Amino acid sequence: MLKGNSVVSISDIGKDEMLELFKLADSYSRSVEQGQRIDSLHGSIMATFFYEPSTRTRLSFESAMHRLGGSVISVSEAKSSSVAKGETLADTVRMAASYSDIIVIRHPMDGAAKLARKFSSKPIINAGDGSGQHPTQTLLDLYTIRKELSDIDGKEITMLGDLRYGRTVHSLLLALSEFDVKINLVSPPLLRVPQHILDQVQSMVKIRVTENLNDVISDSDVLYVTRIQKERFTDETEYNSVIGSYIVNSDIVSTMKKNSIVMHPLPRVNEISPEVDADPRAAYFRQAANGIPVRMALLSMILGGK
Amino acid sequence: MDTTLKISKIKDGTVIDHVPGGMAFKVLSILRVDDLNENSISIGVRVPSEQMGQKDVIKVENRYLERVEVDKISFVAPEATISIVKNYNISEKYKVRLPEKIIGFIRCINPNCISNAREPVNSEFKLISRMPISIRCEYCERSMSEREILQNL
């Protein structure tokens with residue numbers, strides 16, 4: 001049951017609810033395209049706490065709430081908030097719960113959203129915590145696959161790049177394990193999916209781990225590319241040694257199936273060449289746009305709007 | 001001539017038996033022996049055992065274990081038995097059991113875990129596997145192996 005509940009991990013949403021959410025997102029997507037005014041969350045207030053930089057996630061949450069007729073209050077930087085005065089996240093959240101109906105939080109530490117849920121009397125949405133989970137990104141990723149390829153079951157999905165630190169990858173892997181899919185994990189050995197994540201999914205879904213994209217590219221229905229995040233490395237030499245691995249260009253995309261797609265949680269640095277943007281298989285900007293209807297549907301289901 | 005060194009009986013207190021050979025010192029650190037000024041302690045290290053080959057035995061006079069101490073010992077010595085002795089007789093004897101939920105006494109190995117930050121919460125883990133021992137942090141979901149648990153106990 002999503003109504004009145006927090007979403008801190010993708011496992012907080014059952015598969016049936018997810019499919020219901022996607023249908024609602026389809027309908028919001030049409031309404032927004034047709035310029036219809038929706039007022040279902042009029043009078044509701046969403047508080048956003050982004051303790052880490054974010055453009056897309058934050059804007060799309062705020063836009064989603066405005067599109068539903070609700071209001072937004074926000075703290076953009078930890079240094080402009082009471083955290084700078086030494087307040088714990090627990091206290092900040094307790095206070096925010098009395099000012100709003102729902103709280104969206106992004107935090108640099110792993111498990112921060114779970115802690116927030118413990119101290120909040122209002123639902124919490126995790127908008128990314130450390131290298132932990134990013135469930136709403138996962139929802140829009142799954143929504144994109146379903147919308148672009150008409151189904152998720154039966155598909156072969158290749159994840160490429162930083163699979164160790166990329167939180168979108170971890171959430172997506174957990175979610176995909178609920179579907180009938182094949183997954184290929186392509187990364188340098190240094191950036192492989194952490195064993196504790198693999199342990200959770202390995203028995204449920206077929207997984208192939210390789211360093212070579214050519215092994216799997218021509219069979220893939222989805223190529224999910226991730227950015228190698230500099231801020232996750234403590235050692236710059238280590239970063240320099242892996243950056244530039246696996247740059248997706250037109251030559252690589254030309255070996256993919258005609259009806260396959262290239263996805264990316266964005267922002268990209270150089271892992272997908274701009275020349276790929278014009279290819280119909282490049283779905284990453286459509287994917288980012290899906291963030292609005294998906295987050296509208298999530299807010300609506302949690303807050304009980306129509 | 002009897003060449004075996006026997007550990008004498010205690011009148012009142014606790015006997016911790018079937019501790020893996022050499023782990024007695026880890027158990028003593030759990031019991032904070034430094035603080036046990038008044039209690040006499042007998043320790044047998046690597047004594048022959050039919051079941052285990054060799055084992056450690058600890059006898060502590062006038063001291064009874066708290067739940068959290070027993071839970072901690074279960075990670076160091078999962079096969080240990082605890083006997084409560086009253087007036088030279090065993091009044092209660094039980095085997096330790098790894099707890100399903102581990103709250104407050106193991107530090108998460110992930111330095112970026114929110115449970116390691118200055119927040120008003122205890123660390124919290126769920127037991128994932130008894131053999132080999134594995135637990136998972138309820139906050140950051142990192143799992144910890146037996147070796148990692150012993151280092152963070």
Side-chain angles (χ1 to χ4, degrees), chain A residues 8-12 49 51-52 78 83-94 105-120 124 126 128-135 164-165 167 170-171 173-174 193-203 229 231-234, chain B residues 26 66-68 71-79 97-153:
Chain A
V8 301
S9 157
I10 192 67
S11 57
D12 290 332
F49 287 84
Y51 295 122
E52 253 196 344
V83 173
K85 297 174 194 154
E87 187 177 52
T88 59
L89 178 62
D91 283 359
T92 305
V93 163
R94 267 195 278 235
I105 183 164
R106 168 170 290 190
H107 196 279
M109 295 195 81
D110 304 339
K114 276 197 180 163
L115 180 130
R117 173 171 63 186
K118 214 171 191 152
F119 290 94
S120 174
I124 297 281
N126 183 3
D129 56 346
S131 57
Q133 286 221 13
H134 192 357
R164 180 176 169 191
Y165 297 100
R167 59 185 157 208
H170 304 165
S171 285
L173 253 178
L174 291 172
V193 172
Q195 191 59 43
H196 67 102
I197 304 270
L198 274 185
D199 288 346
Q200 292 178 58
V201 296
Q202 232 155 6
S203 60
Q229 302 189 56
E231 63 265 31
R232 302 285 175 215
F233 286 81
T234 45
Chain B
K26 194 81 194 175
E66 287 172 20
R67 181 79 247 164
V68 64
D71 284 348
K72 282 185 185 180
I73 290 170
S74 71
F75 284 95
V76 174
E79 300 296 317
R97 194 176 157 74
L98 288 165
E100 294 291 334
K101 282 229 166 226
I102 303 109
I103 297 168
F105 63 83
I106 295 174
R107 203 178 149 82
C108 182
I109 194 172
N110 173 7
N112 199 45
C113 176
I114 194 79
S115 71
N116 285 322
R118 196 183 55 80
E119 293 289 341
V121 288
N122 286 316
S123 66
E124 223 176 302
F125 299 86
K126 205 174 159 185
L127 184 68
I128 300 301
S129 152
R130 291 178 185 274
M131 187 77 90
I133 297 176
S134 172
I135 60 173
R136 184 180 302 141
C137 175
E138 290 283 62
Y139 287 99
C140 73
E141 294 180 6
R142 249 304 294 271
S143 50
M144 285 170 71
S145 67
E146 192 170 343
R147 188 179 51 83
E148 291 168 332
I149 294 166
L150 293 185
Q151 284 166 354
N152 289 276
L153 203 59

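As the structure is a computational prediction, the values presented were derived from the model and not from experiment. Values below: every heavy atom of this structure, side chains too, minus hydrogens, waters and symmetry copies. Convention: sequence-line order gives letters A, B, ...; per-chain numbering from 1.
Atom CD of B/Gln151 sits in a crowded spot, with more than 12 heavy atoms from other residues, nucleotides or ligands closer than 6.0 Å. Around atom CZ of A/Arg94, more than 12 heavy atoms belonging to other residues, nucleotides or ligands sit under 6.0 Å away.
By the 4.0 Å N-to-carboxylate-O rule, A/Asp199 lies too far from B/Arg136 to be salt-bridged with it. The pair B/Arg130-B/Glu100 counts as a salt bridge, with a side-chain nitrogen and a carboxylate oxygen less than 4.0 angstrom apart.
To the nearest 0.5 Å, atoms NE2 (A/His170) and CG (A/Leu174) are separated by 9.0 Å. Atom CE of B/Met144 and atom CD1 of B/Ile135 lie 5.0 Å apart (nearest 0.5 Å).
Using a 4.5 Å heavy-atom cutoff, the side chains of B/Pro78 and B/Ile133 are in contact.
Interface remark: A/Gln195 contributes no atoms to any contact with chain B (heavy atom separation under 4.5 Å).
With chain B as the partner, the residue from A/His107, A/Gln200, A/Met109 showing the most heavy-atom pairs under 4.5 Å is A/Met109. Comparing B/Cys113, B/Ala117, B/Ser134, B/Ser115 by heavy-atom pairs within less than 4.5 Å of chain A, the highest count is held by B/Cys113.
Annotation: residues 120-127 of chain B contacts chain A through B/Pro120, B/Val121, B/Glu124 [non-hydrogen atoms, separation under 4.5 Å].
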